Number of protein chains: 2
Amino acid sequence: MLTTADQNYIKAIYRLQLGNEAVSTSALAAALGVTPASVSGMLRKLSRSNVLIHQRYKGVRLTARGRLAALQVIRRHRLIELFLVEILGLPWDSVHKEAERLEHVVSDEILERMDVLLGHPAVDPHGAPIPSHNGRIASHAGVRLAELDAGARGTVSEVADHDPDLLRYLSDIRLTPGAEVAVIDRLPFDGTVVITVSGRQQHVSAGVASAVWIETT
Amino acid sequence: MLTTADQNYIKAIYRLQLGNEAVSTSALAAALGVTPASVSGMLRKLSRSNVLIHQRYKGVRLTARGRLAALQVIRRHRLIELFLVEILGLPWDSVHKEAERLEHVVSDEILERMDVLLGHPAVDPHGAPIPSHNGRIASHAGVRLAELDAGARGTVSEVADHDPDLLRYLSDIRLTPGAEVAVIDRLPFDGTVVITVSGRQQHVSAGVASAVWIETT
DNA sequence: AAGAAAAGTTAGGATTGCCTAATTTAGATT
DNA sequence: AATCTAAATTAGGCAATCCTAACTTTTCTT
């Protein structure tokens, strides 16, 4: 069985691996908040359970089994987040941290009930797609707001979920999944994007704009 | 902070201590499914955090702090059980085990939402009282069905929660919290109790009858 | 291509919570 | 009071997961 630590390593590798390049020890260490030495040790252990392949000094890659395990943890995480927002009414900026703990402890039976109660939802509160039971996941077709030029318009499809302050700010300015956005201008020197969202004009810093994905229309 | 193991030890001591006598190392070991040697070690550690007082060779007692901690864990456990039954629709015989894991991981915020959503309930699905936030708990006035004589009548107030098979059986025969029961007879040789519950006459073994508490009317 | 810098690994330790085996203490028996 | 037994404790280990410090390999610079 995979421990909580195992699941967190696999999930982090999955996220860093998008595109199938090998993930470096230091990138993984940074993502998990541990030292590279700890990562080296865990990778040796995890490669024994066939969820990943580690080539010394060359990085890690998940196996098919590891990828499935990662997607199952992500499914749990996202269903739990949505459940906490929709059923328990928790604020969307706090559910990421909660789900981070619960995802390792909720049984399949509970997860299944949540899925049914929520009507087999496709996305979590931040717009991220929820993988299916067997590891299928919709590839989202969005572009970062930071990369759009003046004149572009579209719908917010997803926002970065980790930073509560950022999420509260995004709610404040109505820049949440589903919102219609039009790009008025992009300031060349610092990347600030000027947009219209729900009838109001806003200036959005480059940092914020790169945490918001838009599906252009 | 108290770890999961800490919480389980404190909860077990609380349960074994009802009446305030000291709890023996071996009783605790049996309740927790570990060896007495492990208990000795943990007690030394726990006494350092002022939740209990351990007198070597004489047993343990919770301090006021320990008692509060125990009641808070029990509150979590029972609220979670009820939530799983009422909101997620899990069968009442499976929620004990689930709550046993979740009680250590659910945040105070989530617990508070569950409490509100359930309307500040007084008892869990097995009829056990839910302690308040600050450790107050209703003392239940029930008597074991096994101790009642012919002619007694009353309402099921609580049933033992740990054995799923027993719980399924109790549902089958409608002997669940709230049910009206009349004792027809008690067989002297093996303690079998003959009762009427929801219009039907049933024979209930002594073992089962001592897992059911009745509030006589 | 040599040497320096960066990245990665190994070695050795700490902590938590469990185990078995050996020893000590408390309490009962004679 | 001496002895026996049952209960409890200590000693010494193990597995997981983290750490720091030392060492090795790779990569970059010149």
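Since the structure is predicted, the reported quantities are computational estimates derived from the model, not experimental observations.
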Q: Could you pull out all residues at least two apart from Glu98(B) that satisfy salt bridge (Lys or Arg N to Asp or Glu O under 4.0 Å)?
A: Arg101(B)
Q: Identify whether the distance between the nearest side-chain nitrogen and carboxylate oxygen of Asp161(A) and Lys97(A) falls below 4.0 Å.
A: no
Q: Enumerate the ring pair (Phe, Tyr, Trp, His ring centres under 6.0 Å) contacts for residues 2-54 of chain B, please, sequence neighbours excluded, ordered by first and then second residue.
A: none
Q: Please collect all ring pair (Phe, Tyr, Trp, His ring centres under 6.0 Å) contacts where either partner lies in residues 108-131 of chain A, sequence neighbours excluded, each pair once.
A: Trp92(A)-His126(A)
Q: Tell me, which of residues 15-22 of chain A have any heavy atom that sits under 4.0 Å from an atom in DNA chain D?
A: none
Q: Restricting to ring-ring contact (aromatic ring centres under 6.0 Å, His included), what partner residues turn up for His96(A), sequence neighbours left out?
A: His77(A)
Q: Would you mind reading off the distance between Leu28(A) atom CG and dT17(D) atom C1', rounded to a whole angstrom?
A: 14 Å
Q: Suppose we screen for salt bridge (Lys or Arg N to Asp or Glu O under 4.0 Å). Which residues come up paired with Glu103(B), at least two apart in sequence or across chains?
A: Lys11(B)
Q: Who pairs with His133(B) by side-chain contact (heavy atoms from CB on, under 4.5 Å), at least two apart in sequence or on another chain?
A: Arg75(B)
Q: Please report the distance, rounded to the nearest Å, between CG in Leu46(A) and P in dC18(D).
A: 10 Å
Q: Apply salt bridge (Lys or Arg N to Asp or Glu O under 4.0 Å) to Asp190(B) and list each qualifying residue two or more places apart in sequence or on a separate chain.
A: none
Q: Distances under 3.5 Å only, N/O to N/O: pair up the protein atoms with those of nucleotides 14-18 of chain C.
A:
from: dG17(C); atom 1: OP1; to: Thr3(B); atom 2: OG1; distance (Å): 2.6
from: dG17(C); atom 1: OP2; to: Lys45(B); atom 2: NZ; distance (Å): 2.4
from: dC18(C); atom 1: OP2; to: Tyr9(B); atom 2: OH; distance (Å): 3.2

Q: Looking at residues at least two apart in the chain, or sitting in another chain, which of them share a side-chain contact (heavy atoms from CB on, under 4.5 Å) with Ser205(A)?
A: Val208(A)
Q: Can you measure Leu2(A) atom CG to dA16(D) atom C1' for me and round it to whole angstrom units?
A: 14 Å
Q: Dump the pairs, protein N or O against N or O of nucleotides 4-8 of chain D, anything under 3.5 Å, distances to one decimal.
A:
from: dA8(D); atom 1: OP1; to: Thr25(B); atom 2: N; distance (Å): 3.4
from: dA8(D); atom 1: OP2; to: Ser26(B); atom 2: N; distance (Å): 2.9
from: dA8(D); atom 1: OP2; to: Ser26(B); atom 2: OG; distance (Å): 2.6

Q: Considering residues at least two apart in sequence or located in another chain, which fulfil the side-chain contact (heavy atoms from CB on, under 4.5 Å) criterion with Asn134(A)?
A: Ser132(A), Arg136(A)
